[in-house]
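Data first, discussion second: the structure below is written as structure tokens.
We're numbering straight along the sequence, starting at 1.
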Amino acid sequence: MTTDALLSALTARVREAAHAGTPACPCGAAVPGDATLADRPDGTVVRHAGTVAKAHAADADAAELAPRVTAAARLPGILLPPLRPAPVALHGRLVTYWPYGTPVDPEDPDAAPWEAAATLLARLHRTPAPTAVPPMRGPAKAAHAVARLRSTAPHHPATAPVLRAWAALPAWARGEAAAPDATLCHGDFHLGQLVRHPSPTGPWLLIDVDDLGAGAPAWDLARPAAWYACGLLPPEEWNRFLTAYRAAGGPAVPPREDPWPALDVPARALTAQTAARAVTKAVAAGRLLDEVEQSLVDACSRMAAVRPVAPPR
């Protein structure tokens, strides 16, 4: 199915869902009507008034997505609850329905809700899975990014340091073995995975359950940790995030001791994944790496020279 055809069908479905839930839908008045929030290979997301529909990636597994959606429904106050209990099929894609929430404003970094995000992650990590869930998909997605780099840019000068950093990681971080923990994790945390609901001033909630599952909770802290280690996240913001996570009793790091032994391996994995994606995109666009992308490759070069820190037991 073409992207345009999928987008058209999904827009029609979200409009139907919105009107079924609110027959007196205020679309066309002060409330926005149809809007495309994302249109990428890993997901197409459209909105009609207060309803959002997401067509998940073409390779999404119904047997794995369904319990993830169920988990979101059973964890109110942590994850945005779905509007319908299970995914439905639309032209060969799995579709889920959600209430609209106000996202983090990328143009206002000073207002980034680091404390709220850390508290939500800590609560998620402390909560037993309300239903059986599959493994968290973070390591598998990182492995996919590295495999794509290897196949599309084998001779790029930045590829070798990324692959060396990746090869130094333990098997679980490369998606080749079970994770050392079985904690309920988000699997792909970044600030884009937060919304306020009810919009626009409700509490912050986590969204996007595609990677939710059992795994190492440190993975959910790894992206901000990697940004901090690469110099892309100011120390004050990293400290706000880490302090709030500890204050909320998050189990991924010790309450007072050095957190880095727990964070080192997943932070390295996320750095390699992000660098792999950056190089792949630059090669596809026929351009040089920008400053941020080069800083990620440079971090991989440094990582390859120092063995990963073993996590505490």
With sequence neighbours left out, the residues meeting salt bridge (Lys or Arg N to Asp or Glu O under 4.0 Å) with R93 are none

Table please: side-chain donor-acceptor pairs of residues 102-114 below 3.5 Å, with sequence neighbours left out.
residue	atom	partner	partner atom	Å
T102	OG1	S199	OG	2.5
D105	OD1	E107	N	2.9
W114	NE1	E237	OE1	2.9

Please identify which of these residues, L289, T274, T271, meets the side chain to side chain contact (heavy atoms under 4.5 Å, CB included) condition with V297. L289

Kindly say whether P235 contributes a backbone atom to a donor-acceptor pair with the side chain of N239 at under 3.5 angstrom? yes

From R164 atom CZ to S301 atom OG, the distance as rounded to the nearest 0.5 Å: 6.0 Å

For Y97, enumerate each residue passing the ring pair (Phe, Tyr, Trp, His ring centres under 6.0 Å) test, keeping only those at least two apart in sequence or located in another chain. none

Taking only residues two or more places apart in sequence, or in another chain, which ones meet R287 in a side chain to side chain donor-acceptor pair (under 3.5 Å)? E293

Donor-acceptor pair, R15 side chain versus H48 backbone, under 3.5 Å? no

Please check: side-chain N/O of T159 versus main-chain N/O of A153, any donor-acceptor pairing under 3.5 Å? yes

On a heavy-atom basis, which atom in M136 and which in C185 lie closest, and how many Å separate them? CG-CB, 4.0 Å

Indicate whether any N or O donor in one side chain lies under 3.5 Å from an N or O acceptor in the other, for Q294 and D298. yes

Backbone of A5 reached by a side-chain donor or acceptor of S8 within 3.5 Å: no

Under a 4.5 Å cut-off applied to non-hydrogen side-chain atoms, are T127 and L75 in contact? yes

Taking D181 for its side chain and T183 for its backbone only, find out whether a donor-acceptor pair lies under 3.5 Å. no

So W238 and F241, would you call those rings parallel, tilted or perpendicular, with 30° and 60° as cut-offs? tilted

Main-chain N/O of D34 paired to R47 side chain as donor or acceptor, under 3.5 Å: no

Hphob cluster co-occupancy, V146 + M303, side-chain heavy atoms under 4.5 angstrom: no

Under a 4.5 Å side-chain heavy-atom rule over Ile, Leu, Val, Met, Phe, Trp and Tyr, are V209 and L10 clustered together? no

With heavy-atom distances below 4.5 Å as the criterion, would you say the side chains of L206 and L80 are in contact? no

How would you list, by chain and number, every residue that makes a salt bridge (Lys or Arg N to Asp or Glu O under 4.0 Å) with D211, sequence neighbours excluded? R137, K141

In this structure, would I207 and L205 fall into the same cluster of hydrophobic residues linked by side-chain contacts under 4.5 Å? yes

So, the side chain of R123 versus the backbone of G249: is there a donor-acceptor pair under 3.5 Å, distance only? no

Less than 4.5 Å apart, side chain to side chain, heavy atoms only: is that true for V265 and P170? yes

Hey, any chance L263 and L233 share a hydrophobic cluster, counting ILVMFWY side chains that come within less than 4.5 Å of each other, even indirectly? yes

Mind listing the side-chain donor-acceptor pairs of residues 61-74 below 3.5 Å, one per line with the distance, residues two or more places apart or on another chain?
residue	atom	partner	partner atom	Å
D61	OD1	A63	N	2.8
R68	NE	L212	O	2.4
R68	NH1	D210	O	3.4
R68	NH2	P135	O	2.9
R68	NH2	L212	O	3.2
T70	OG1	A66	O	3.1
R74	NH1	P130	O	3.2

What one should report as the nearest heavy-atom pair of A267 and W260 is CB-CZ2, 4.3 Å

May I ask you to check whether over 12 heavy atoms, not counting those of H144, lie within 6.0 Å of atom NE2? no

State, without any angle test, whether H56 and T96 hold a side-chain donor-acceptor pair at a distance under 3.5 Å. yes

Answer with yes or no whether the side chains of Y245 and H125 bring together a donor and an acceptor at under 3.5 Å. yes

Heavy-atom nearest pair, A244 first then A118, reads CB-CB, 3.8 Å

Is L296 reachable from V283 through a run of I, L, V, M, F, W or Y residues, each pair having side-chain heavy atoms under 4.5 Å apart? no

